Protein chains: 2
Amino acid sequence: MVVDQLSESEVDRLFHALADSTRRSIVVRAISGEHSVSSLAASYAMSFAAVQKHVAVLEQASLVTKEKRGREQIVRANRETVRKARQLLDEYEKIWRQRADRIADILAEDSED
Amino acid sequence: MVVDQLSESEVDRLFHALADSTRRSIVVRAISGEHSVSSLAASYAMSFAAVQKHVAVLEQASLVTKEKRGREQIVRANRETVRKARQLLDEYEKIWRQRADRIADILAEDSED
DNA sequence: CTGATCTACAACCATTTGGTTGTAGATTAT
DNA sequence: ATAATCTACAACCAAATGGTTGTAGATCAG
């Protein structure tokens, strides 16, 4: 294990936040440039309050941060969190490799006798 | 884009399936070796039916498959789906790099004059 | 100062989620 | 044949989710 900087419930929040297309879209837009909550909200066929809630979910998952600028809140994506999520899935793929290695070892031992 | 073999709702299901520690645990165990639903269920402090539902969620997300063997159902993890999830997050990280490149290009153009 | 804009947040509602228990069908073991 | 095991699935329930509208506080523009 290398990536376990995240508790189980943080991982829960992280993947849950990513499990909604509106939220993923917000993350992509926040990666690409700076946006206020209201400018983001203008893009979606739902109320400002609904988008505000989505941003809050992303914020609790540390996928974005908000920074007050005048009367606006600027939403920025958090690169590190996306990296951690990817690394988590990398770990899963690593388990497969370990399993394959383990099986290969056993086969090698068999042929040693 | 390279990874878009998945529809938005499939991605929803995929991340939603990963957003639960019991389900992630089941995936890890299914990666490591073969398990029936009931042998998996024995590990968790919840009913068999609850675990059965978790497996169903993983199955709908294509994270695992079930194969009938006698009266048991063997649960196997689907390596390809985990890879797709990781690649999706890779794409996000790629957007950051593209943004950085774009900014670098603009700075280069500025200094060309 | 007044009005427009941006945000925060509460209250409400329908649907989904994650758990339960209970019943029933298949398969295996005695 | 009977009993035990494994699975499927329905019905139910509390809590969370994802949306709404409405109200109110800050900030900016005229």
Side-chain angles (χ1 to χ4, degrees), chain A residues 7-30 33-77 85, chain B residues 7-30 33-77 85:
Chain A
S7 69
E8 287 296 288
S9 64
E10 284 172 331
V11 177
D12 287 358
R13 265 177 271 145
L14 174 49
F15 283 125
H16 172 252
L18 289 171
D20 179 283
S21 62
T22 300
R23 287 196 291 264
R24 287 192 302 274
S25 166
I26 290 174
V27 169
V28 168
R29 301 193 58 208
E34 294 190 349
H35 299 277
S36 66
V37 178
S38 59
S39 69
L40 286 170
S43 308
Y44 304 100
M46 65 184 72
S47 68
F48 171 80
V51 173
Q52 211 176 14
K53 281 191 185 183
H54 281 306
V55 172
V57 169
L58 291 169
E59 202 181 5
Q60 290 198 324
S62 298
L63 276 166
V64 306
T65 55
K66 285 192 298 187
E67 186 190 345
K68 199 166 208 162
R69 198 154 73 191
R71 65 184 158 183
E72 298 184 330
Q73 289 272 24
I74 305 300
V75 177
R76 290 200 181 80
Chain B
S7 70
E8 287 296 287
S9 64
E10 284 172 330
V11 178
D12 286 359
R13 265 178 271 146
L14 174 50
F15 284 127
H16 172 253
L18 289 170
D20 179 283
S21 62
T22 301
R23 287 195 290 263
R24 287 193 300 277
S25 166
I26 290 174
V27 169
V28 168
R29 303 193 56 209
E34 296 190 347
H35 298 277
S36 67
V37 178
S38 60
S39 71
L40 287 170
S43 308
Y44 305 101
M46 65 184 70
S47 68
F48 171 81
V51 173
Q52 212 176 13
K53 281 192 184 180
H54 281 305
V55 172
V57 169
L58 292 169
E59 202 180 5
Q60 290 199 324
S62 297
L63 277 166
V64 305
T65 56
K66 286 192 299 188
E67 185 191 345
K68 198 165 209 161
R69 197 154 74 191
R71 65 184 160 186
E72 296 184 330
Q73 288 272 25
I74 304 300
V75 177
R76 290 200 181 80

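When reading the values below, keep in mind they use all heavy atoms of this one structure, side chains included, and skip hydrogens, waters and symmetry mates. Every chain is numbered from 1 and lettered A, B, ... according to where its sequence line falls, protein lines coming before strand lines. From a predicted model like this one, the values you see are computed outputs, not experimental measurements.
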Judged by atom type as modelled, is there a donor-acceptor pair below 3.5 Å linking the side chain of [X] to the main-chain atoms of [Y]?
X: A:Gln73; Y: A:Ser36; value: no
X: A:His54; Y: A:Thr22; value: no
X: A:Arg24; Y: B:Glu8; value: yes

Does [N] have OP1 or OP2 under 4.0 Å away from a side-chain N or O of [X]?
X: A:Lys68; N: C:dC6; answer: no
X: B:Gln52; N: D:dA8; answer: yes
X: A:Ser38; N: C:dT5; answer: no

Determine the minimum heavy-atom distance between [X] and [Y], stating which atoms define it.
X: A:His35; Y: A:Ser39; value: CB-OG, 3.6 Å
X: B:Ala85; Y: B:Phe15; value: O-CZ, 4.4 Å
X: A:Val55; Y: A:Val75; value: CG1-CG2, 4.1 Å

Nearest whole Å is fine: how far is [N] [atom2] from [X] [atom1]?
X: A:Phe48; N: C:dA8; atom1: CZ; atom2: C1'; answer: 8 Å
X: B:Glu67; N: D:dT7; atom1: CD; atom2: P; answer: 13 Å
X: B:Leu40; N: D:dC6; atom1: CG; atom2: P; answer: 12 Å
X: B:Lys66; N: D:dC6; atom1: NZ; atom2: P; answer: 15 Å
X: B:Ile26; N: C:dG18; atom1: CD1; atom2: P; answer: 12 Å
X: A:Asp12; N: D:dT17; atom1: CG; atom2: C1'; answer: 15 Å
X: A:Glu34; N: C:dC6; atom1: CD; atom2: C1'; answer: 17 Å
X: B:His35; N: D:dC6; atom1: NE2; atom2: P; answer: 15 Å

Nearest-nucleotide comparison on DNA chain D, the residue closer to the 5′ end among A:Arg69 and B:Ile74: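 The residue closer to the strand's 5' end, by nearest nucleotide, is B:Ile74.
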Pick the closest DNA chain D nucleotide for A:Gly70 and for A:Val51 by heavy atoms, then say which residue is nearer the 5' end.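 This one resolves to A:Val51.
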Select base, sugar-phosphate, or nothing to describe what [X] touches, counting heavy atoms under 4.0 Å on all strands.
X: B:Thr22; answer: nothing
X: A:Arg23; answer: sugar-phosphate
X: A:Ser47; answer: base

Listed nucleotide nearest any side-chain atom of [X], set [options]:
X: B:Met46; options: C:dG18, C:dC6, C:dT20; result: C:dT20
X: B:Glu72; options: D:dC6, C:dC9, D:dG19; result: D:dC6
X: A:Arg71; options: D:dT20, C:dG18, D:dC28; result: D:dC28
X: B:His16; options: C:dT20, D:dG18, C:dG18; result: C:dG18
X: A:Lys53; options: D:dT20, C:dG19, D:dA8; result: D:dT20
X: A:Gln73; options: C:dG19, D:dC28, C:dT7; result: C:dT7

